[in-house]
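Below, all heavy atoms of this structure are taken into account, side chains as well, without hydrogens, waters or symmetry copies.
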Amino acid sequence: MTEFDKIRIERHDSGVRLLVLDDPEKRNAIGPAMRVQLLDAADQLSTDTESRCLVVTGSGTSFCAGADLMAIFGVNGATPSSMRDRQLSYYESFLWLRALPYPTIAAVNGHAIGAGLNLALACDITIAGPNARFGATFAKLGLHPGGGCTFFLTQRMGRGGALRTALLGRTLDGRQAHKEGLADVYVDDPLEEALTLAEAIAHLHPSLARDMKQAVNLAAENSFDVTVGFESWAQAASAYNPGVQDAIRAAGRTTSARSS
């Protein structure tokens, strides 16, 4: 197992997990060592049967300042194919967040630039604070966006907003990111808000939260009929969770009392 010194994982008894990018001297940029440690974290968190929700944040004043561009693009004698392989290995270090079965929350406390922006948007819910900066800055370096950036921007901002942001290499503060759809919530303390939300999610039955995540993901990328088909099975399954039948009966009694 990899020895962590660029990240840390905190495990709360409730089932909440906190993943902290912890290399503040480099503004939590994803370098070779952090890349390996994030992949090891992926293995741990994807097989952690007690996990109910994951919060991701950065230590110090940055969320994640991006990837180590010299490690990816600055290798002498690299071929386009070998460079692409390195790019994909860095993409993998954060895109695994999309595959976790339980909900994930990004608490963006500072700069989320390039790959750091992608890392934040790979989470299911993104919470921004006053010091947050969301930067799709690839074009300013003459680079095409990578790591899912165009997908994430288009999903959240629409085609025109995504293209404008990518072409201009825009950086948005937390309030503007919330206004334009990159952040779902804007609060003074994003980590506190994220942990409060995570604790609420952790109190749901695990299969309920996971099925809700899957239903929303299906709805975002598939037809209405596909989504309703999944909902019908997930709702039927949830009716067998502990306490649900009691809650249904109590709701029925309340409805009967109101109608009488």
Side-chain angles (χ1 to χ4, degrees), residues 19 30 38 42 46 53-58 63-64 66-67 87-88 90-109 111-129 132-140 143-187 190 193-194 197-198 201 209-231 234:
L19 172 61
I30 304 173
L38 284 170
S46 63
C53 186
L54 174 68
V55 174
V56 183
T57 196
F63 178 78
C64 175
Q87 290 170 222
L88 290 172
Y90 275 81
Y91 295 176
E92 291 168 0
S93 71
F94 53 83
L95 289 181
W96 58 266
L97 287 161
R98 300 188 71 233
L100 284 182
Y102 47 84
T104 57
I105 306 168
V108 182
N109 54 312
H111 285 73
I113 307 298
L117 170 68
N118 295 335
L119 191 157
L121 299 183
C123 294
D124 299 313
I125 300 168
T126 303
I127 300 176
R133 299 293 183 271
F134 293 75
T137 56
F138 300 92
K140 291 187 179 298
L143 285 173
H144 190 285
C149 186
T150 54
F151 175 88
F152 295 131
L153 293 180
T154 303
Q155 188 180 53
R156 286 178 167 266
M157 305 177 83
R159 290 173 61 182
L163 185 56
R164 174 171 171 262
T165 296
L167 289 171
L168 297 179
R170 297 175 69 209
T171 297
L172 289 71
D173 64 26
R175 191 181 298 277
Q176 190 68 19
H178 179 236
K179 181 179 178 181
E180 297 194 28
L182 287 184
D184 301 295
V185 181
Y186 176 77
V187 292
E193 180 73 13
L197 175 56
I201 292 169
R210 293 176 187 217
D211 283 348
M212 285 182 176
K213 171 173 176 170
Q214 185 171 349
V216 169
N217 287 340
L218 283 171
E221 300 176 14
N222 292 275
S223 69
F224 176 80
D225 289 343
V226 168
T227 304
V228 171
F230 176 80
E231 282 183 343

(request) Can you run down the salt bridge (Lys or Arg N to Asp or Glu O under 4.0 Å) pairs that involve residues 148-174, sequence neighbours left out, and say none if there aren't any? (result)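 Pairs touching residues 148-174 that pass the test: Arg156-Asp184, Arg170-Glu180.
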
Please name the pair of heavy atoms, one in [X] and one in [Y], separated by the smallest distance, quoted to 0.1 Å.
{"X": "Thr227", "Y": "Ala219", "result": "OG1-CA, 3.3 Å"}
{"X": "Lys140", "Y": "Gly169", "result": "CE-O, 3.1 Å"}
{"X": "Glu221", "Y": "Phe151", "result": "OE2-CZ, 3.7 Å"}
{"X": "Thr137", "Y": "Gly114", "result": "OG1-N, 4.4 Å"}
{"X": "Leu95", "Y": "Phe152", "result": "CD2-CZ, 3.9 Å"}
{"X": "Ala115", "Y": "Phe94", "result": "CB-CE2, 3.9 Å"}

Which distance, rounded to the nearest 0.5 Å, do you find between the [atom1] of [X] and the [atom2] of [Y]?
{"X": "Leu153", "Y": "Leu182", "atom1": "CG", "atom2": "CG", "answer": "6.0 Å"}
{"X": "Met157", "Y": "Leu172", "atom1": "CE", "atom2": "CG", "answer": "5.5 Å"}
{"X": "Ser46", "Y": "Leu54", "atom1": "OG", "atom2": "CG", "answer": "11.0 Å"}
{"X": "Asn118", "Y": "Cys123", "atom1": "CG", "atom2": "SG", "answer": "11.5 Å"}

Are [X] and [Y] packed together at the side-chain level, in the sense that at least one heavy-atom pair is separated by less than 4.5 angstrom?
{"X": "Pro103", "Y": "Ile125", "answer": "no"}
{"X": "Asp211", "Y": "Phe230", "answer": "yes"}
{"X": "Val108", "Y": "Pro190", "answer": "no"}

(message) Using the rule side-chain contact (heavy atoms from CB on, under 4.5 Å), only one of Thr57, Leu38, Thr104, Val55 pairs with Leu19; which is it?
(response) Leu38

(request) Identify the residue among Ile113, Thr126, Thr171 that makes a side-chain contact (heavy atoms from CB on, under 4.5 Å) with Phe134. (result)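 That would be Thr126.
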
(message) Please check: side-chain N/O of Ser93 versus main-chain N/O of Tyr90, any donor-acceptor pairing under 3.5 Å?
(response) yes

(message) Once side chain to side chain contact (heavy atoms under 4.5 Å, CB included) is applied, do any residues pair with Asn217, and if so which ones, sequence neighbours excluded?
(response)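 Side chain to side chain contact (heavy atoms under 4.5 Å, CB included) check on Asn217 returns Lys213.
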
(message) Please determine whether side chain to side chain contact (heavy atoms under 4.5 Å, CB included) holds for the pair Leu119 and Ile30, giving the CA-CA distance in whole Å, both sets of side-chain angles, and the decisive distance to 0.1 Å.
(response) CA-CA 10 Å; Leu119 191 157; Ile30 304 173; 4.2 Å; yes

(request) Under the side chain to side chain contact (heavy atoms under 4.5 Å, CB included) rule, what do Phe63 and Leu117 come out as? Steps first, then yes or no, please. (result) CA-CA 9 Å; Phe63 178 78; Leu117 170 68; over 6 Å; no

(request) Would you sort out whether Leu97 and Asp124 count as a side chain to side chain contact (heavy atoms under 4.5 Å, CB included), showing the intermediate values? (result) CA-CA 9 Å; Leu97 287 161; Asp124 299 313; over 6 Å; no

